[in-house]
Amino acid sequence: MDFRTACEETKTGVCLLQDGNQEPFKVRLHLAKDILMIQEQDVICVSGEPFYSGERTVTIRRQTVGGFGLSIKGGAEHNIPVVISKISKEQRAELSGLLFIGDAILQVQVLRNAGEEVTLTVSFLKRAPAFLKLPLNEDCACAPSDQSSGTSSPLCDSGLHLNYHPNNTDTLSCSSWPASPGLRWEKRWCDLRLIPLLHSRFSQYLPGSDLCRQNAFQVIAVDGVCSGIIQCLSAEDCIDWLQAIASNISNLTKHNIKKINRNFPVNQQIVYMGWTEEREQDSLQDRMYTPKFLALRGSSLYKFIAPPVTTWDWTRAEKTFSVYEIMCKILKDSDLLDRRKHCFSVQSESGEDLYFSVELESDLTLWEKAFQTATFLEVERIQCKTYACVLESHLMGLTIDFSMGFVCFDAATKAVLWRYKFSQLKGSSDDGKSKIKFLFQNQDTKQIEAKELEFSNLFAVLHCIHSFFAAKVACLDPLYVGSQATTSAAPTTSGTGKLKYTTGHPP
């Protein structure tokens, strides 16, 4: 069964779920607009409220023949409480009138020596009928299931056996299966786990590694609640689920960003929020990847351990970068460092390389467009940026101006030494440490003029120039924002941070 609305907000299907060390079992997934419901099939009482639904305390005494007259099943290995699976006819358990098949034994108190008399605290467990495979119709309630007959089991750690004779095959009493007027049982899908989708993340990879599960994934809520490993029937089904979940998370995030932005000024608006996995630079770490939450807001890229909820949270980012002084590169397959796909790198203003992975190609596209948009908006806002530099042992200043291009001036007198438009820059090179050599074309003579400057923050300057070129192209062609045109119309990095430009720059 699989259903989805035209808005792709809901989807329902049957998968397998592996939770911890348990064997995989069948569950139903129901994806709503803001929540993922994981449901298991169970037998529940759908009408009437039997008197035995509450907690009861019953004292019974062992008989010479037949013992206590009941058998039990379940326990931790079955992920279900110990439950009464059989009650023998005309034995102590049945004669008490207060014990029924399906009762969960909550507590045992041995009152007499050698367990001759015990007090049981019990409560009927709604999951018991499905676990014991009991018949649903009341007329058949007295007939024992093949699954529920057999020898008795020890209760907890007391060593107490509730049937005196392990091969007891007495028939079940009619009172062993609870019934009351108007009582009706049905098989239904019941909620096993609910995963709120806002700020949740999902992954196909084994935690911290680049090993991808086959047709399986898990979803982790912002509070750490995990879905368990959801195993799909095919690769297509798995991708379909991931895309549907990603779509709903994205829609919730966009709506949440709109609400948050009402409290921030225009120059501090959020453009992007989302989970990534950062590759650890230390190869000795046990985990190769660690979940990180990235946000693009105003002039900065924020890297968080967890999503920011309050205004105070924004001041506690793990790291913050100026968007126009960092370089983002979407990695091709040949550039990938391991088996993870859909990766990008960020080179900081200090030259540090950060490596991130996302789950889907659509996530990568969303990030790329958001980063380009954030960079364009910030360059358009600041219009110019000045960096201190040295020319032949003299302190200078280089201004990168959105309208004018490059302006170099004396830091002391403010006198302009030279000025060039963006379109006059025909090439450049750097030593990867501090020096940049610019090659400008003189508009009158058409000759190439080389200008070499030395900076204390080389990578910040290189990335800023790249950002201004990209914004200049985007300004000339609004459709550029979100496109792939940057690599052919704006400066790109290569080697050890060297910046190279192609011809045909914007004015």
| query | What's the verdict on side-chain hydrogen bond (donor to acceptor under 3.5 Å, both in side chains) for Glu325 and Tyr387, showing C-alpha distance, side-chain angles and the deciding distance? | reply | CA-CA 12 Å; Glu325 291 185 329; Tyr387 293 96; 2.6 Å; yes

| said: Can you tell whether the side chains of Lys319 and Glu352 come within less than 4.0 Å, N to carboxylate O? | reply: yes

| query | Got a salt bridge between Arg201 and Glu359, using NZ or NE/NH1/NH2 to carboxylate O under 4.0 Å? | reply | no

| query | Backbone N or O of Asp237 within a donor-acceptor pair of the Ser234 side chain at under 3.5 Å? | reply | yes

| task | Please check if the side chain of Asp103 supplies one atom and the backbone of Leu99 the other of a donor-acceptor pair under 3.5 Å. | result | no

| Just by distance, do the side chain of Glu278 and the backbone of Pro291 share a donor-acceptor pair under 3.5 Å? | no

| task | Ignoring hydrogens and angles, tell me if any N or O in the side chain of Arg316 forms a donor-acceptor pair with the backbone of Pro308 under 3.5 Å. | result | no

| Worked verdict on Glu277 versus Arg340 for salt bridge (charged side-chain N to carboxylate O under 4.0 Å, His left out) | CA-CA 10 Å; Glu277 297 245 353; Arg340 285 207 179 209; 3.7 Å; yes

| query | For Asp338 and Tyr355, what are the C-alpha separation, side-chain angles and deciding distance, and is it a side-chain hydrogen bond (donor to acceptor under 3.5 Å, both in side chains)? | reply | CA-CA 11 Å; Asp338 50 51; Tyr355 189 97; 4.9 Å; no

| Thr59 and Thr119: side chain donor to acceptor below 3.5 Å | yes

| said: Under a 3.5 Å cutoff, is there a donor and acceptor pairing between the side chains of Tyr324 and Glu349? | reply: no

| query | More than 12 non-hydrogen atoms from neighbouring residues, nucleotides or ligands closer than 6.0 Å to NZ on Lys292, yes or no? | reply | yes

| query | For the side chain of Asp363 and the backbone of Leu360, is there at least one donor-acceptor N/O pair under 3.5 Å apart? | reply | yes

| query | With a 3.5 Å cut-off and no angle check, do the side chains of Gln39 and His30 form a donor-acceptor pair? | reply | no

| query | Within 45° of the ring axis of Phe264 and under 6.0 Å from its six-membered ring centre, is that where the NZ or CZ of Arg297 lies? | reply | yes

| So, does Thr315 use its side chain to make a donor-acceptor pair with the main chain of Trp312 at under 3.5 Å? | yes

| query | Hey, does the side chain of Asn251 reach the backbone of Asn248 with a donor-acceptor pair shorter than 3.5 angstrom? | reply | no

| request: Enumerate the residue pairs fulfilling salt bridge (Lys or Arg N to Asp or Glu O under 4.0 Å) with a member in residues 208-221, sequence neighbours excluded, ordered by first and then second residue. | output: Asp210-Arg339

| field | Derivation of the side-chain contact (heavy atoms from CB on, under 4.5 Å) call for Trp314 and Tyr302 | value | CA-CA 8 Å; Trp314 288 93; Tyr302 296 82; 3.8 Å; yes

| task | Decide if the gap between the ring center of Phe217 and the ring center of Phe202 is smaller than 6.0 angstrom. | result | no

| request: Using a 4.5 Å cut-off on heavy atoms from C-beta on, say whether the side chain of Ile330 contacts that of Trp367. | output: yes

| task | Could you tell me whether the side chain of Glu280 reaches within less than 4.5 Å of the side chain of Thr290, counting heavy atoms only? | result | yes

| message | Main chain of Ser227, side chain of Arg193: is a donor-acceptor contact present, judged purely on distance under 3.5 Å? | response | yes

| Steps toward side-chain contact (heavy atoms from CB on, under 4.5 Å) verdict (Leu31, Trp241) | CA-CA 9 Å; Leu31 178 65; Trp241 270 108; 3.8 Å; yes

| task | Cation-pi check, Lys472 to Phe468: give yes when NZ or CZ is under 6.0 Å from the six-membered ring centre and within 45° of the ring axis, no otherwise. | result | no

| task | Would you please classify the geometry between the Phe293 ring and the Phe304 ring as parallel, tilted or perpendicular, with 30° and 60° separating the classes? | result | tilted

| field | Ile305 atom CD1, neighbour heavy-atom count above 12 within 6.0 Å | value | no

| field | Backbone N/O of Leu98 and side chain of Ser96: donor-acceptor pair under 3.5 Å | value | yes

| field | Any donor-acceptor pair under 3.5 Å from Ser300 side chain to Leu296 backbone | value | no

| field | Distance-minimising heavy-atom pair for Phe371 and Val323 | value | CZ-O, 3.9 Å

